[in-house]
Amino acid sequence: MLQTTERRWRCRGAGTVGLASIDLVAVESSLHRLYEMVRTADLGPSEGLIGPLADARAEVDELLDRYEPSLGEAAEVASGLRSFSRTPAT
């Protein structure tokens with residue numbers, strides 16, 4: 001968990017790290033890939049499933065809908081931070 005403290009981040013149990021010591025290219029890339037996976041996830045048909053499987057599918061579908069916007073925003077923030085820190089993109 002990162003907590004901001006005067007332009008530095010304190011990682012629980014890991015001490016203080018500066019923005020430059022975080023691999024922003026990897027963070028940005030990972031968030032964009034995860035966002036695309038969530039955005040394009042295909043759970044298959046919802047019709048004809050037995051009760052517990054239908055319930056689980058509906059729950060996963062709801063979670064994907066809930067977290068897709070946040071993942072997109074997080075990916076954009078990571079892009080902005082990388083740009084701000086002038087770390088070259090891959």
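This one's a predicted model, so the numbers in the text were calculated from it and none came from an experiment. For the numbers below, each heavy atom of this structure counts, side chains included, while hydrogens, waters and symmetry mates do not.
Applying the side-chain hydrogen bond (donor to acceptor under 3.5 Å, both in side chains) rule to pairs touching residues 58-71 yields Glu62-Arg66, sequence neighbours excluded.
Side-chain contact check for Leu53 versus Asp55: every heavy-atom pair is 4.5 Å or farther apart. Inter-residue side-chain proximity for Leu64 and Leu43 is flagged as met; some heavy-atom pair is nearer than 4.5 Å. Side-chain contact between Glu76 and Glu28 is absent, with no heavy-atom pair separated by less than 4.5 Å.
Val38 and Val60 fall within the same hydrophobic cluster, defined by Ile, Leu, Val, Met, Phe, Trp and Tyr side-chain heavy atoms under 4.5 Å apart, directly or through other members.
Residues meeting the side chain to side chain donor-acceptor pair (under 3.5 Å) test with Glu73, sequence neighbours left out: none. Arg39 pairs by the side chain to side chain donor-acceptor pair (under 3.5 Å) definition with Glu36, not counting sequence neighbours.
Ala78 approaches Leu31 most closely through the heavy-atom pair CB-CD1, 3.9 Å. Of all heavy-atom pairs between Leu81 and Leu24, the closest is O-CD1, 3.7 Å. Taking each heavy atom of Gly44 and Arg57 in turn, the nearest pair found is O-NH2, 2.6 Å.
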Thr40 vs Asp42, test: side-chain contact (heavy atoms from CB on, under 4.5 Å). Steps then yes/no. CA-CA 6 Å; Thr40 61; Asp42 181 8; over 6 Å; no
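Looking at Ser30, its side chain does come within 3.5 Å of a backbone N or O of Ala26 through a donor-acceptor pair.
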